[in-house]
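Below is one structure; the comments refer to it alone.
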Amino acid sequence: MQVSTTSRYNTYRGEEKVVHQMGLYGEYFKVIKEGKKKVEVRLNDEKRRKIKVGDTIEFVKFPDQNETMKVQVTELRKYDMFEAMYMDIAFQEFGCEGWTMEEMLKGTYEIYTPE
């Protein structure tokens, strides 16, 4: 069972294909906007399986929902375990330069359950 999907993206400027709207907490919204975070992680659920390379993701800043940002999906990767994903992708791509594997996993499991 695949537990995570990562999307690599660029800030989007151009004609849209398919737009997927997703909530994103303010701290993560900010580092994407600043260009420090280039990869987004989501569980590979039914909604995320519809995302294709070339699609647009419109992030809505949570909790206030007063700002949006569109990015274009340039790559999709699937992993069975979060640890495998973190071993494959540099932490700086997640906006977490200088973090340890333990910190990455702890942060992930604050959002997702280890199962």
Side-chain angles (χ1 to χ4, degrees):
M1 177 175 153
Q2 295 170 339
V3 296
S4 61
T5 298
T6 62
S7 301
R8 186 173 301 276
Y9 48 78
N10 292 321
T11 302
Y12 189 71
R13 295 175 183 86
E15 213 171 291
E16 299 171 1
K17 292 184 179 184
V18 176
V19 178
H20 306 272
Q21 194 173 67
M22 296 183 197
L24 194 63
Y25 288 108
E27 63 189 277
Y28 303 110
F29 191 95
K30 179 180 183 239
V31 291
I32 289 173
K33 193 172 181 178
E34 293 171 347
K36 296 177 184 174
K37 185 176 192 286
K38 302 190 183 333
V39 175
E40 176 62 16
V41 178
R42 299 289 169 132
L43 290 182
N44 193 27
D45 60 15
E46 184 179 341
K47 181 178 177 181
R48 288 359 147 201
R49 285 192 289 272
K50 294 177 182 175
I51 298 172
K52 306 289 183 223
V53 171
D55 287 355
T56 297
I57 297 174
E58 180 179 38
F59 290 117
V60 179
K61 184 179 175 183
F62 270 47
D64 33 321
Q65 300 182 15
N66 63 352
E67 193 173 352
T68 64
M69 168 179 39
K70 290 182 180 178
V71 298
Q72 183 180 31
V73 177
T74 60
E75 181 181 354
L76 292 170
R77 295 186 193 185
K78 295 178 183 160
Y79 297 90
D80 292 326
M81 306 278 297
F82 289 112
E83 188 170 0
M85 176 183 61
Y86 293 138
M87 291 175 69
D88 188 45
I89 302 172
F91 296 168
Q92 69 190 32
E93 296 291 306
F94 299 96
C96 300
E97 188 170 4
W99 287 35
T100 66
M101 177 66 78
E102 184 177 312
E103 291 169 320
M104 293 296 288
L105 291 171
K106 182 180 178 194
T108 300
Y109 295 139
E110 288 173 359
I111 299 169
Y112 301 110
T113 60
E115 297 87 45

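Bear in mind that the values here come from a model prediction, so they are computed numbers and not experimental data.
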Minimum heavy-atom separation for K52 to L76, with atom names?
CA-CD1, 4.0 Å
Is it the case that more than 12 heavy atoms not belonging to M87 sit under 6.0 Å from its CE atom?
no
Taken in chain and number order and not counting sequence neighbours, the residues that satisfy ring-ring contact (aromatic ring centres under 6.0 Å, His included) with Y112 are F82
Any heavy-atom pair between the side chains of E40 and F59 that's under 4.5 Å?
yes
Quick check: closest heavy atoms across L105 and E83, and the distance to 0.1 Å?
CD2-N, 4.0 Å
Examine V31 and M69 and state if one hydrophobic cluster contains both, with Ile, Leu, Val, Met, Phe, Trp and Tyr joined whenever side-chain heavy atoms are less than 4.5 Å apart.
no
Please check if the number of heavy atoms outside E102 that lie under 6.0 Å from its CD is greater than 12.
no
Find out whether R42 and K47 are in side-chain contact, i.e. whether some heavy atom of one side chain is under 4.5 Å from a heavy atom of the other.
no
Does M104 form a side-chain contact (heavy atoms from CB on, under 4.5 Å) with C96? I'd like the steps, not just the answer.
CA-CA 8 Å; M104 293 296 288; C96 300; 3.5 Å; yes
Has K37 got a side-chain atom pairing as donor or acceptor with V39's backbone, closer than 3.5 angstrom?
yes
For E46, look at atom CD and say whether over 12 heavy atoms of other residues, nucleotides or ligands are found less than 6.0 Å away.
no
Residues in side chain to side chain donor-acceptor pair (under 3.5 Å) contact with T68, at least two apart in sequence or another chain
none
Where do Y86 and F94 land on the ring pair (Phe, Tyr, Trp, His ring centres under 6.0 Å) test, with the steps shown first?
CA-CA 9 Å; Y86 293 138; F94 299 96; 5.2 Å; yes
Any heavy-atom pair between the side chains of D88 and R77 that's under 4.5 Å?
yes
Donor-acceptor pair, E93 side chain versus A90 backbone, under 3.5 Å?
no
Working to the nearest 0.5 angstrom, can you tell me the gap between T74 OG1 and K38 NZ?
10.5 Å
Atom pairs and distances, side-chain donor-acceptor, residues 18-28, under 3.5 Å, sequence neighbours left out:
residue : atom : partner : partner atom : Å
H20     : NE2  : D55     : OD2          : 2.8
Q21     : NE2  : E58     : OE1          : 3.1

In the structure I gave you, are the side-chain heavy atoms of L43 and R48 within less than 4.5 Å of one another anywhere?
no
